[in-house]
Amino acid sequence: MPGLRDVLSGPVLEVAPRLLGATLRHEDVAVRLTEVEAYDGPDDPGSHAYRGRTRRNAVMFGPSGVLYVYFTYGMHHCANIVVGPADRPSAVLLRAGEVVDGLEHARERRGSSDRDLARGPARLCQALGVHLSHDGTDLSRGDLTLTLADGPPGDVSTGPRVGLRHAADRPWRFWLTGDPTVSTYRPAAPTRRRG
DNA sequence: CCCGTGATTCTCT
DNA sequence: GAGAATCACGGGC
């Protein structure tokens, strides 16, 4: 049976759907992933890595199996799992999940209905208590761990990515068909010009 | 639909 | 450097 690192080092479009049903745990809270999105290396205009390495995206250029966390819109954190071969900066954005352990703690952090605890990339981070200090964390040890699902999680759907201005139409979003914790689809906000 | 919110990145100098 | 645009979002109406 291949190890976590072996699975995650494959091509991002193969790895992303395999992360559905996997469990990401931070201390007492665990989330079963129900929706993810692929960002594929230097040729993907939607990826943070598209314009090369910066301080923010540096961990995308490192080994697979670590968490890439960034802060955006002045208030939200989003988490990705770095995947693919080491020379290719690819990652899988964790868009939504179901809280399967530490429900009380997740409720304290979120103050929402149970369905919405991790329904969206920033909500997922908030429910898990993941923030910038976790950027670059290795997921195979420590208090932040990823466990792959034992078998196929069920039907998987594919569709366009959410909220990007560039290359959103690539059907690189994967989710568990019919799962209620999958995020609501919001197309990218139109670019507003200052007037 | 609107808009908060502030770090990051871009585009000039 | 400075100033401006951008932003893989979410809550509220």
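The sequence lines fix the lettering, A, B, ..., with proteins before strands; numbering per chain opens at 1.
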Quiz item: At under 4.0 Å, does any side-chain N or O of A:Arg123 touch on OP1 or OP2 of C:dG11?
Solution: yes
Exercise. Kindly say if A:Arg95 contacts the phosphate of C:dC9, meaning a side-chain N or O under 4.0 Å from OP1 or OP2.
Key: yes
Please give, in whole Å, the distance from [N] [atom2] to [X] [atom1]?
{"X": "A:Gln126", "N": "C:dG11", "atom1": "CD", "atom2": "C1'", "answer": "11 Å"}
{"X": "A:Arg186", "N": "B:dC2", "atom1": "CZ", "atom2": "C1'", "answer": "11 Å"}
{"X": "A:Asp116", "N": "C:dG10", "atom1": "CG", "atom2": "P", "answer": "10 Å"}
{"X": "A:Glu37", "N": "C:dC9", "atom1": "CD", "atom2": "C1'", "answer": "12 Å"}
{"X": "A:Leu124", "N": "C:dA8", "atom1": "CG", "atom2": "C1'", "answer": "13 Å"}

Practice problem: Identify, with sequence neighbours excluded, every residue that meets side-chain contact (heavy atoms from CB on, under 4.5 Å) alongside A:Pro180. | Solution: A:Arg115
Practice problem: Could you tell me whether A:Leu93 contacts a base, only the sugar-phosphate backbone, or nothing, with contacts defined as non-hydrogen atoms closer than 4.0 Å? | Solution: base
Quiz item: Base, sugar-phosphate, or nothing for A:Arg173, non-hydrogen atoms under 4.0 angstrom?
Solution: nothing
Exercise. Would you kindly check if the NZ (Lys) or CZ (Arg) of A:Arg161 is within the cone defined by 45 degrees around the ring axis of A:Tyr39 and under 6.0 Å from the six-membered ring centre?
Key: yes
Between the side chains of [X] and [Y], does any donor sit under 3.5 Å from an acceptor?
{"X": "A:Arg110", "Y": "A:Gln126", "answer": "yes"}
{"X": "A:Arg32", "Y": "A:Thr23", "answer": "no"}
{"X": "A:Thr34", "Y": "A:Thr181", "answer": "yes"}

Quiz item: A:His131 vs A:His134 aromatic rings, parallel, tilted or perpendicular, using cut-offs 30° and 60°?
Solution: perpendicular
Quiz item: Has A:Arg18 got more than 12 heavy atoms of other residues, nucleotides or ligands less than 6.0 Å from its CZ?
Solution: no
Exercise. Kindly check if the number of other-residue, nucleotide or ligand heavy atoms within 6.0 Å of CG (A:Asp138) is above 12?
Key: yes
Quiz item: So which one's nearest nucleotide on DNA chain C is more toward 5', A:Ala122 or A:His166?
Solution: A:His166
Quiz item: Which one, B:dG4, C:dA8, B:dC1, comes nearest to the side chain of A:His76?
Solution: B:dG4
Self-check item: Dot-bracket notation for DNA chain C, counting Watson-Crick and G-U pairs under 3.5 Å, with | for partners on another strand
Solution: |||||||.||||.
Self-check item: nucleotides 6-12 of chain B: protein proximity per nucleotide (B base, S sugar-phosphate only, - neither; heavy atom, under 4.0 Å)
Solution: B-SSS--
Quiz item: Looking at A:Arg170 and A:Asp40, does any basic side-chain N land under 4.0 Å from a carboxylate oxygen?
Solution: no
Quiz item: So, does the side chain of A:Arg119 form a donor-acceptor pair with the base of C:dG11 at under 3.5 Å?
Solution: no
